[in-house]
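As the structure is a computational prediction, the values presented were derived from the model and not from experiment.
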Amino acid sequence: MKVGIVGLGTMGTTHAASYQRIADCELVAVADIQLERCKTVAERYGVRSYASLGEMLASETLDVVDVCLPTHLHREHVEMAAAAGKHVFCEKPLARNRQEGEAMVEACRKAGVTLGIGHVVRFFPEYRRAKEIIESGQLGKVGTVYTYRGGGGFPMAWQDWYANYQWSGGLTLDMIIHDFDFLRWTLGEVKRVYAKSTFGRAYNRLEHVLVSLRFESGAIANVEGSWLDIGGFGTKFEFACEKGLLTYNSKDATSFRSYQQRTGLESVQGVAVPESVVDKDPYTQELEHFVGCLKRGEEPLISGDGALGAVDIAMAALESIKTGNPVTLSSERG
Amino acid sequence: MKLGIMSFAHMHAYSYGDVIRQLSGVELVGVADLDQERGKQAADQLGTTYYSSYEELLKTKIDGVIITAANRDHRELTEMAAAAGKHILCEKPIATTLEDARAMEKVTREAGVKFQMAFPCRYIPAVHRLKAQYDSGSLGRLLAIRSTNHGRMPGGFFIDPEAAGGGAVIDHTVHLVDLVRWVFQTEFREVYCEMDRSFHDIPTEDCGLLTLELANGAFMTLDPSWSRPDCFYTWGDLYMQVVGTEMVTEVDMMRQSLERISFDRPNYQWEFWGANSDYYLVKEFVESFREDREPSITAQDGIRALEVALGAYESARTGRPVKIGLA
């Protein structure tokens, strides 16, 4: 399998490294509008670099295009790759809204290519383990759920695109969509959404979101996301069930900690360098799964259709934030 | 100063009884409970006299009473105590209806007795630190709060919708609502609530999630669920994560605990070593009538908190956000 990546931000460079660890899969080219960045990555892995997806498609023979661009550019690039007959792996969120997402799914279907979406939380072992336990029924019916993601400050990137709500959809669409997807995967469909955000109430880099989700199963979830600095990036969850609790806090549940020492007189405090120490990182697993599905001709765990369900929840939350009213999701969707 | 306790329906009565014995110059003269067995046992435990009727207790030379009856009975007992000229420390929530709560405020004001709400969380030292942080401006403008007040399912009158006025939502909403009103000097404007009965086979709801708008422009979520298993290592939690423009601060009361792991059951327990907020609550009550001043937590505070809890029930019934009170 020959892969080309378009977009070399944080996730594109992460994927580039991951492909090196996947058997029978070769990263052959990268494309990014920022030429210096593109050359650096290309040289690191000995692959060719291009200024755009169009150029890359014209010169390379690829099986897969991996789209790691800002959200508002997903549709255009996914459709271009599909039209060229390439399988597409697209970073989450699928799209800026359902309409765009449906168009992308349809374009891939028409072209007969497979579309996979980077809801990588489904490959985090702590989240997978939680899903297994909940689904086993050992803890009984799920009553209330809490999830948290963030605390690492506001993300800085190309053209400051995260700060453009029209481009990124803010914290709700860009980040806590991970939790929307995971919860939907674990608990089933969401019936009702109510949400509040600091967006419009404060400087927009201080975004903090609290979402109330009501599932068809009856479960009530409180999803929290933050682009504020709360002692570094972290994730948490709690499932309160009939027969017990299941909790996780990434700050506690780590097998490895190291502290960078500062020698200057200005400070005596250490700075935490968190690391996730697992046998195979979730990003590599996610891509390995996708590539494996292509070889076996199987539908990936997170197809475009599946990812639409998470986009629906995020869009409902954004609507609720705007109107101050609860939003009911139609159960036929997704 | 002499005090009496009216009813042991609410388990906080035992803690109040304990702290009365720790306060100098304060004496627990007696306890009254219509449940003879429970009343006698409590009197023995606290080393005081049992009275089988409230009237008998109110005839003694006590200065004040602590009312720890079922929520629905707060009004009747308040009216009896006020008529007898006794000062009142009333367990939360103030009542099960606004009509009852307003009547309690009126009758105590007209009788010239002090009326204080039992919101002991105002005496948690970490809450004082939060208030100081906010008052000094170092927290900045308040943007958002995520809060939880989880507990075990308490049983007793708490799960009788008539006697309690509801379940977990009325039981646990009022503490955090009062804290936020007091710390940030603001009111609640609107409440949205999802609630259900998911953990226990009881007549009331046992879980929920409130999403609230504050008059100062901030928002908040509050989880009041009885979601802790019976074997949980402490009674529950009282937690707030406060997001300001300059700072994010967490208050996690029960974290001031030792972890005890033993061969015997319960195998794992938290041993709380933080301040006893009930002590300061009862002390404030006694001082209010000793110094003849308004208690720091008034009937109005009880009414405001009840309005939010009742709004949550209305929201759950209608599926809409509900506007609250005067704000």
Can you tell which part of [X] gets under 4.5 Å to a heavy atom of chain A, answering side chain, backbone, both or neither?
{"X": "Leu222(B)", "answer": "neither"}
{"X": "His150(B)", "answer": "side chain"}
{"X": "Thr221(B)", "answer": "both"}
{"X": "Arg141(B)", "answer": "side chain"}
{"X": "Asp223(B)", "answer": "side chain"}
{"X": "Met247(B)", "answer": "neither"}

Next on the checklist: Is any side-chain heavy atom of Met240(B) closer than 4.5 Å to one of Leu176(B)?
Outcome noted: yes
Can you tell which of [options] has the highest number of heavy-atom pairs within less than 4.5 Å of chain B?
{"options": "Gly151(A), Ser197(A), Ser226(A)", "answer": "Ser197(A)"}
{"options": "Lys141(A), His208(A), Arg214(A)", "answer": "Arg214(A)"}
{"options": "Gly140(A), Cys241(A), Gly244(A)", "answer": "Cys241(A)"}
{"options": "Thr198(A), Leu228(A), Asn222(A)", "answer": "Asn222(A)"}

Next on the checklist: For Arg149(A), is there an ion pair with Glu224(A) - N to carboxylate O distance below 4.0 angstrom?
Outcome noted: no
Next on the checklist: For Asp178(B), is there an ion pair with Arg304(B) - N to carboxylate O distance below 4.0 angstrom?
Outcome noted: no
Checklist outcome for this item: So OG of Ser315(B) and OH of Tyr194(A): to nearest 0.5 Å the spacing works out to 7.5 Å
Next on the checklist: For Ala219(A), which atoms come within 4.5 Å of any heavy atom of chain B: side chain, backbone, both, or neither?
Outcome noted: neither
Next on the checklist: Please classify the contact between Leu210(A) and chain B as side chain, backbone, both or neither, with a heavy-atom cut-off of under 4.5 Å.
Outcome noted: both
Which one, [options], leads in non-hydrogen pairs under 4.5 Å with chain A?
{"options": "Glu250(B), His200(B), Glu213(B)", "value": "Glu213(B)"}
{"options": "Gly217(B), Gly208(B), Ser225(B)", "value": "Gly217(B)"}
{"options": "Asp206(B), Leu210(B), Leu143(B), Thr249(B)", "value": "Leu143(B)"}

Checklist entry - Short question: side chain of Glu205(B), backbone of Val169(B) - any donor-acceptor pair under 3.5 Å? => result yes
Item to check | Gln185(B) side chain vs Trp182(B) backbone, donor-acceptor pair below 3.5 Å | outcome: yes
Taking the inter-plane angle between the rings of [X] and [Y] on a 0 to 90° scale, is it parallel (under 30°), tilted (30 to 60°) or perpendicular (over 60°)?
{"X": "Phe239(A)", "Y": "Phe237(A)", "result": "perpendicular"}
{"X": "His175(B)", "Y": "His12(B)", "result": "tilted"}
{"X": "Trp167(A)", "Y": "Trp158(A)", "result": "parallel"}

Checklist entry - With no hydrogens and no angle check, do the side chains of Glu207(A) and Tyr162(A) hold a donor and an acceptor under 3.5 Å apart? => result no
